[in-house]
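Just so it is clear: chains get the letters A, B, ... in the order the sequence lines come, proteins before strands, and each one is counted from 1. Because the structure is a prediction, the values reported are computed rather than measured.
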Number of protein chains: 2
Amino acid sequence: MITINMRDSRPIYEQVKDSLRRLIVSGALPADEKLPSVRELAAQLVINPNTIQRAYRELEHEGYIVSVPGKGSFATPHFGADSRRVSELLAAFDDAVAELRYLGVDGAELKKRIDEQEAKKDEA
Amino acid sequence: MITINMRDSRPIYEQVKDSLRRLIVSGALPADEKLPSVRELAAQLVINPNTIQRAYRELEHEGYIVSVPGKGSFATPHFGADSRRVSELLAAFDDAVAELRYLGVDGAELKKRIDEQEAKKDEA
DNA sequence: CTAACTGTACTAAGACAATTAGTACAGTTA
DNA sequence: TAACTGTACTAATTGTCTTAGTACAGTTAG
């Protein structure tokens, strides 16, 4: 479900956050789906539960999951676009596009990629 | 020319790298253009010269600039696509697209954005 | 009710990276 | 010569990440 890379310079809790966010926004983890418990996921990844707890706490603060004491953590549908996050992502999008074009990747190639991702999600 | 954010969790040298890379790939900093000297940019940003030196060293290693002792540092045209870097950027591109669509941004909107960026670069 | 789960909170310690300060040396240029 | 350039190196400091350990309250199946 999730893998982390110890050689990666990025903090483990960031890697966990990004992996879970990717599963959620891609639809692989539907709304109201139950996530692994803090201790369970920590055991699976062989890391400290505190690290998972931090990832869950921040994902909840960002509105991607909801944690309920005694019950568990669950993916949540996203109501109302977070305009700050959207701005961040658009900036990241623009940067990636600019550098890709600089490295020789055509704009048409990128547009095709958007369509392919859209088609792939419609399958599921 | 460049601004850094002390509240940003990312290291200063990474922020400097990204800023310079953005200037280069966007065309704002043309090939063979001279960059500010290590000490000059450090003074301007009110940070240690060692931090700038690290940013320059890594940008040179990645092929975006060339540094010559006694002369200075210069932007370089990029020969031969770095396939590893391209893969990284495509992954970042895909992630941004997926999350943006999840947050309600249409795919057509993103395609339009690619065209606009292309047009803006053609002006310069 | 009990036992085993759930999230959550907190302290303490260690490891590591980032940053700074300071010094130094060699090449370039007006 | 003087003032610039990049580069290299050590030492000290600071802050973050991660772990270990303990604890408490809510939930749920038996």
#### Entry: Salt bridge B/D8-B/R10, side-chain N to carboxylate O under 4.0 Å
yes

### Task
Identify the nucleotide, in any strand shown, that forms a Watson-Crick or G-U wobble pair with C/dA3, with both distances under 3.5 Å; if there is none, say none.
D/dT28

### Query
What integer distance in Å separates B/M6:CE from C/dA18:P?
15 Å

### Task
Once you apply the 3.5 Å cut-off to both distances, tell me the Watson-Crick or G-U wobble partner of C/dA30, or none.
D/dT1

#### Entry: Nucleotide nearest A/S67 (side chain, heavy atoms from C-beta), chosen from C/dT20, C/dT8, D/dT5
C/dT8

### Message
Please tell me whether B/E99 and A/Y64 have a donor and an acceptor in their side chains that are separated by less than 3.5 angstrom.
### Response
yes

### Query
Given atom CG of B/N48 and atom C1' of D/dT10, what is their separation to the nearest angstrom?
13 Å

#### Entry: Euclidean distance, atom CG of residue A/N50 to atom P of C/dG14 [Å, nearest integer]
17 Å

### Message
Regarding B/S9, tell me which of base, sugar-phosphate or nothing describes its non-hydrogen contacts under 4.0 Å with the strands shown.
### Response
nothing

### Query
Given that B/V46 and B/R39 both sit by DNA chain C, which one's nearest nucleotide is further toward the 5' end?
B/V46

### Query
Is any side-chain N of the basic residue among A/R85 and A/E62 closer than 4.0 Å to the acidic one's carboxylate O?
no

### Interatomic distance where CD1 belongs to B/I65 and P belongs to D/dT5 [whole Å]
14 Å

### Message
Please report the distance, rounded to the nearest Å, between CG in B/L59 and P in D/dT7.
### Response
12 Å

### Task
Describe the nucleic acid contact of A/E14 in one word from base, sugar-phosphate, nothing, applying a heavy-atom distance below 4.0 Å.
nothing

### Query
Atom CG of B/L41 and atom C1' of D/dG6: how far apart are they, to the nearest Å?
14 Å

### Query
For A/V68 and B/P69, take the nucleotide of DNA chain D holding the closest heavy atom to each; which residue's nucleotide lies nearer the 5' end?
B/P69

### Message
On the nucleotide D/dG26, are OP1 or OP2 found under 4.0 Å from the side-chain N or O atoms that A/K71 carries?
### Response
no

### Query
In whole Å, what is the span from the CZ atom of A/R57 to the P atom of C/dT8?
9 Å

### Query
Counting only side-chain N and O atoms of B/S37, is one of them less than 4.0 Å from OP1 or OP2 of D/dT5?
yes

### Query
Across all strands, who's sitting opposite D/dT14 as a Watson-Crick or G-U wobble pair, both distances under 3.5 Å?
C/dA17

### Message
What's the closest nucleotide to the side chain of B/Y13 if the choices are D/dT18, C/dT19, D/dC24?
### Response
C/dT19

### Query
Using a cut-off of 4.0 Å on non-hydrogen atoms, how would the nucleic acid contact of B/R54 be classed: base, sugar-phosphate, or nothing?
sugar-phosphate

### Query
Should the pair B/K111-A/D115 be classified as a salt bridge under the 4.0 Å nitrogen-to-oxygen rule?
yes

### Query
Is there a donor-acceptor pair closer than 3.5 Å between any side-chain N or O of B/S19 and the backbone N or O of B/Q15?
yes

### Message
Both A/I12 and A/G70 contact DNA chain D. Which one's nearest nucleotide lies toward the 5' end?
### Response
A/I12

### Selection from C/dA18, C/dT29, C/dT8 that lies nearest to any side-chain heavy atom of A/V38
C/dT8

### Query
Is B/R54 salt-bridged to B/E58, cutoff N-O under 4.0 Å?
yes

### Message
If I take atom CD in residue B/Q53 and atom P in nucleotide C/dA21, what distance separates them, rounded to the nearest angstrom?
### Response
15 Å

### Message
Students often get this wrong, so: under 4.0 angstrom with heavy atoms, is A/E60 touching a base, only sugar-phosphate, or nothing?
### Response
sugar-phosphate

### Message
Would you say B/T51 places a side-chain N or O within less than 4.0 Å of OP1 or OP2 belonging to C/dA18?
### Response
no

